[in-house]
Amino acid sequence: MNRDEALVLIKDVLTSAVPGADASVLSPDENFRDSLEMDSLDFLNFIEALGERTGLPLPETDYPALNTLHGCADYIASRTSGQ
Amino acid sequence: MADFTMPSLGSDMDEGTLVEWLVSPGDTVTKGDVVAVVETAKSTIEVECFDSGTVSALLVTPGTTVPVGTRMAVIGPAVEPRATAGAKQPAAPATGLRAAPGRTVVPGGDAVSTPLVRHLAERKGVDLSSVHGSGKGGRITRSDVEHAPVEGPHRVKASPLARRLAQEAGVDLSTLRGTGRDGTIRADDVRATTEGHPARTGERHEPVRPSPATPEPLHPARSAIAALMARANREIPHYYLSTKVDLAVAMSWMRDRNASVPVAERLVPAALLLKSVALAARQVPELNGYWREEAFFPASAVRLGVAVSLRGGGLVAPALTDADTMPLPELMATLKDLVSRARGGRLRASETADPTLTVTNLGDQGVEAVFGVIYPPQVALVGLGRVIEQPVAVDGMLTVHPTVTATLSADHRASDGATGARFLTAIDRLLQRPEEL
């Protein structure tokens, strides 16, 4: 998966995991956990759905890298086939 | 012959609006089946029936607001259809509805009127009350919704809360632009329009005397909270205790556990905290129960209320049943499900029935400590702050550990500070042995 594909997927996952979230208004480096007021359960829902869609294990220690659209896209692109 | 009445879905509810019947006359229902959707001032709730039998009459039409206790339907004996006065009721089909208690009614095949169908209807902007159901017992199926005309008086896509707010404020939904998914009008869009404008009088009770100042329009959830909390502060002599709990052991145990399991089985700190509160409530039963008629009635089980803040504003506190005996992974799964359905507006009546003790957890973005107001008729409320890194003294050395401040607001009529202190100490002790939770 390349970065652009990853971004589309992330936004899709965010929208489905967080009811009422509007991923289209997020800026790439913004911490969406804060701006979407996600609590730990919301974030876990997001990670769970992201893991299902990408097949990545997404360990808890990597959560800090997954707070922003850019961070997430880099992470997924570097760990799946495309770069 | 039994009556299905408007249930009390929490001590602050005195009336409810029937949104939708999920059964029709002639349907066979089993105790625990979800038969109706009811909207309270705070939430939309799926209501189960308490009897088994055949629905012989529906007495209330959707959209009607009735007081708690009002007869809404008559449930007759299971097999023999009963002719009610004037109305001819069709016999229940032999392959009538059957569902496990606590489950949504799912008739055979795909003839469903489940949250899935309602969700689809909402997405498509189809008003379910205008759809003819082709399923068993007139149930609305997925294909009914798919083929329903989108044109019509209700084709504007809006959330149920937005519809209600718009109706109260006298706003025409078709004049608004929705910011939700596919242009769905959200509650916030309605609020943005009505801000600053006094609402059209939607109150059923006229104010006793006119107020000289123009009041802000009150969200129905706000007024329900206002009434209950005012009563709590007026009637309950609260006392407050607070203690800081070192979570180093608990968090490290949780991290290790989470590292070895798939995402779906991972825990969040809230699950550990809630489990320890539930166990502490069992150890200190003086705080788990109700104050009624000048006496304390301890509860036989722990139904832990979890205050969930809703995105549109307001809060609900559904209960985790048997939270003290439920294994931690199950508690976590139940919590996830409960919170997401509370926010999606699809709680079950059995989940909103009065908790025996409530926890308010302001969570990740919250504050260090929260001192809450007790939900009557309960006698205590536990407040959990955010888990934060704080300096603590360990073996005479200063170090930094994750900590949480646990507080207790308790009813002084039912208990004293010493009891409360025992309770908070129990929580601390339990959290030092997370593997036993």
Side-chain angles (χ1 to χ4, degrees), chain A residues 1 6-27 30-69 71-73 75-76 79-80, chain B residues 119 122 159 161-162 178-189 251-252 254-274 306 308-313 332-346 361-366 386-387:
Chain A
M1 196 179 307
L7 263 180
V8 173
L9 182 131
I10 294 156
K11 287 184 182 176
D12 193 38
V13 169
L14 260 182
T15 315
S16 64
V18 187
D22 186 359
S24 63
V25 299
L26 292 173
S27 62
E30 181 179 1
N31 183 326
F32 55 70
R33 237 185 127 152
D34 291 344
S35 39
L36 297 179
E37 291 182 16
M38 294 165 76
D39 63 20
S40 54
L41 289 174
D42 295 325
F43 190 69
L44 192 63
N45 280 340
F46 166 71
I47 294 287
E48 200 175 325
L50 195 64
E52 272 167 25
R53 299 276 293 270
T54 59
L56 295 171
L58 307 176
E60 211 173 34
T61 43
D62 291 348
Y63 285 3
L66 301 169
N67 280 333
T68 64
L69 292 178
C72 246
Y75 185 95
I76 292 170
R79 280 165 179 80
T80 51
Chain B
H119 182 68
E122 217 167 273
S159 74
L161 185 59
T179 60
R181 198 193 295 191
D182 299 334
T184 301
I185 297 166
R186 296 162 53 233
D188 280 348
D189 301 328
M251 289 302 104
S252 124
M254 192 186 85
R255 254 197 317 277
D256 289 349
R257 188 188 174 282
N258 283 353
S260 61
V261 296
V263 188
E265 291 165 37
R266 282 178 204 164
L267 301 172
V268 295
L272 275 72
L273 296 170
L274 291 175
V306 183
V308 179
S309 61
L310 305 178
R311 283 173 205 283
M332 175 70 199
T334 311
L335 178 69
K336 263 204 286 197
D337 179 49
L338 206 57
V339 170
S340 80
R341 279 187 301 106
R343 290 190 172 143
R346 282 298 172 202
N361 177 6
L362 287 183
D364 315 339
Q365 272 135 29
R386 186 160 51 107
V387 177

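Throughout, protein chains are lettered first and strands after them, A, B, ... in sequence-line order, and every chain is numbered starting at 1. On a predicted model such as this, the values are computed, not experimentally measured, just so you know. These values consider heavy atoms only, across backbone and side chains, with no hydrogens, waters or symmetry-generated copies.
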### Task
Could you note down all residue pairs passing ring-ring contact (aromatic ring centres under 6.0 Å, His included) where residues 7-27 of chain A supplies at least one of them, sequence neighbours left out?
none
### Between CG on residue B/Leu335 and OG on residue A/Ser40, distance to nearest 0.5 Å
8.5 Å
### Task
Can you measure from CG (B/Asp337) to CG (A/Leu41) and round to the nearest 0.5 angstrom?
11.0 Å
### Message
Taking salt bridge (charged side-chain N to carboxylate O under 4.0 Å, His left out) as the definition, give me every residue that meets it alongside B/Arg343, ordered by chain and number, with sequence neighbours left out.
### Response
A/Asp39, A/Asp42
### Query
Mind checking what makes salt bridge (charged side-chain N to carboxylate O under 4.0 Å, His left out) contact with A/Lys11, not counting sequence neighbours?
none
### Message
Within residues 262-271 of chain B, which residues come under 4.5 Å of chain A, heavy atom to heavy atom?
### Response
B/Val263, B/Ala264, B/Arg266, B/Leu267, B/Val268
### Task
Would you indicate whether the side-chain heavy atoms of B/Asp256 and A/Glu60 approach each other to under 4.5 Å?
no
